[in-house]
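One structure is given below, encoded as structure tokens.
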Amino acid sequence: MPELPEVEAVCRKLRVQARGARIVRMRVERPGIVQPQSKTKIEREVADCVLEDVERRGKNILLRLSGGRVLRVHLRMTGNLYVIPNVRFRPSGTRVWWEMEGGRGLVFEDSRALGKVHLYSAGELEQALENVGVEPLSEEFTEAWFVTAARRSRKPAKLFLMDQQYVAGLGNIYAAEALFRARVHPERPVCGVSKPKLAALHSAIRSVLEEALASAELAYAEPGRFVEGESFARAVYGREAEPCVRCGGRIRRIAQGGRSTYFCAGCQR
DNA sequence: TCGATCCTGTAG
DNA sequence: CTACAGGATCGA
């Protein structure tokens with residue numbers, strides 16, 4: 001599921017469906033999801049709060065509750081967060097759920113159970129997010145800022161893009177897609193990438209995320225036309241050994257930071 | 001900066 | 001059976 005576009009799509013849907021709802025109770029089915037916080041304490045403190053607003057910082061979903069507390073939900077690899085009509089009929093894989101006034105449910109479904117749900121008081125949230133960098137779809141994400149940040153890091157370009165403390169919200173797929181659009185080699189130390197290519201990369205990050213957001217929102221539209229899945233057209237991710245759509249070269253897969261990176265060795269230099 | 005780790009599901 | 005998975009953290 002979740003890089004910035006999918007997380008943003010989740011937030012937008014929750015704002016429509018759940019904003020203003022009273023939470024009758026919260027149940028943590030898998031204590032590991034809230035650790036090191038206490039399951040009983042978090043359940044007790046969230047009961048009877050109103051979900052006042054839904055925000056996003058990077059890949060973090062922030063559920064603002066009455067009383068100034070905030071639930072931070074991180075979907076990690078396989079998490080999803082959505083409203084169901086009847087809280088009694090929860091999907092298998094539900095790790096945490098909230099019963100809302102009227103019987104509807106808010107469900108955190110996460111087959112691998114790697115996700116996180118933490119509760120903060122107003123003051124605590126700030127430090128929990130201190131390592132979350134600039135929002136790539138905000139005004140703050142300027143070319144000048146990006147070039148400066150890149151010049152200061154010797155990380156391979158792909159790892160730089162995936163590091164949440166610089167640009168917040170890119171993950172394995174969209175980092176690879178942005179590098180492809182800008183013709184940047186993923187292993188190239190980012191401080192050594194030329195100015196024109198950094199400019200191209202900056203705008204590629206925006207365009208990739210915007211397109212992916214548009215398709216992520218469609219994927220959540222009424223069932224029937226688009227089912228689950230991704231309609232964003234990937235140029236490189238998951239296309240090992242296929243021909244490059246731009247130069248006809250072969251897409252390669254390498255490992256970086258324990259993850260797969262896909263790129264075209266022909267046109268990414 | 002790398003590798004192991006947290007988990008479960010699915011594809012080959 | 002093994003490999004791998006759209007993430008992040010921890011310790012060596």
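Quick note: numbers below take in every heavy atom, side chains included, and nothing from hydrogens, waters or symmetry partners. Throughout, protein chains are lettered first and strands after them, A, B, ... in sequence-line order, and every chain is numbered starting at 1.
Nucleotide B:dA4 holds its P atom 17 Å from the CG atom of A:L114, rounded to whole Å. For A:R72 and C:dT9, the CZ to C1' distance is 12 Å, given to the nearest whole Å. One can place CD of A:E240 at 14 Å from C1' of B:dA11, the figure rounded to the nearest angstrom. Taking atom CG on A:L213 and atom C1' on C:dG6, their separation rounds to 15 Å, with Å as the unit. A:Q35 has its CD atom 12 Å from the P atom of B:dC6, to the nearest Å. As a whole-Å value, the separation of A:M162 CE from C:dA5 P is 11 Å. Note: CE (A:M77) to P (B:dT10) measures 15 Å, nearest angstrom. When rounded to the nearest whole Å, the span between CG of A:N80 and P of C:dG6 equals 16 Å.
Summarising the local packing, CZ of A:R250 is surrounded by 12 or fewer heavy atoms from other residues, nucleotides or ligands at distances under 6.0 Å. Taking a 6.0 Å sphere around CZ of A:R152, one finds it holds 12 or fewer heavy atoms contributed by other residues, nucleotides or ligands.
No engagement by A:G258 is indicated, since no non-hydrogen atom pair under 4.0 Å with the nucleic acid exists.
The distance from the OH atom of A:Y262 to the NZ atom of A:K158 is 10.0 Å, given to the nearest 0.5 Å. Separation of atoms CZ (A:R44) and NZ (A:K39) is listed at 12.0 Å; rounding is to 0.5 Å.
With C1' as the reference atom, B:dC6 and C:dC1 are 23 Å apart, rounded to whole Å. Between B:dA4 and C:dA3, the distance separating the two P atoms is 13 Å to the nearest Å. Between the P atoms of C:dG6 and B:dG12, the separation comes to 15 Å (whole Å).
When each of C:dA8, B:dT8, C:dG6 is scored by its nearest atom to the side-chain atoms of A:K59, the top-ranked nucleotide is C:dA8. Checking B:dT8, C:dG7, C:dC4 against the side-chain heavy atoms of A:S260 singles out C:dC4 as nearest. Nearest to the side-chain atoms of A:H74 among the listed nucleotides C:dG7, C:dG6, B:dG9 stands C:dG7. Taking only side-chain atoms of A:R30, from C-beta outward, the nucleotide of C:dA5, C:dG7, B:dC7 with the closest atom is B:dC7. Each of C:dG6, B:dT8, C:dA8 was ranked by its minimum atom distance to the side chain of A:E6; first place goes to C:dG6.
Under the Watson-Crick and G-U wobble criteria, each requiring two contacts below 3.5 Å, nucleotide C:dG6 is left unpaired.
Look at A:K116 and you won't find any side-chain N or O under 4.0 angstrom from OP1 or OP2 of C:dA8. Within the 4.0 Å cut-off from OP1 or OP2 of C:dG7, not a single side-chain nitrogen or oxygen of A:Q164 is found. Residue A:R154 places no side-chain N or O under 4.0 Å from the OP1 or OP2 atom of B:dT1.
Annotation for A:H118 and A:P36: closest pair NE2-CD, 4.0 Å, computed over non-hydrogen atoms.
Under the 6.0 Å distance and 45° angle rule, A:R246 counts as a cation-pi partner of A:F180.
Interface remark: the A:R112 side chain does form a donor-acceptor pair with the C:dA5 base, using a distance-only criterion of under 3.5 Å.
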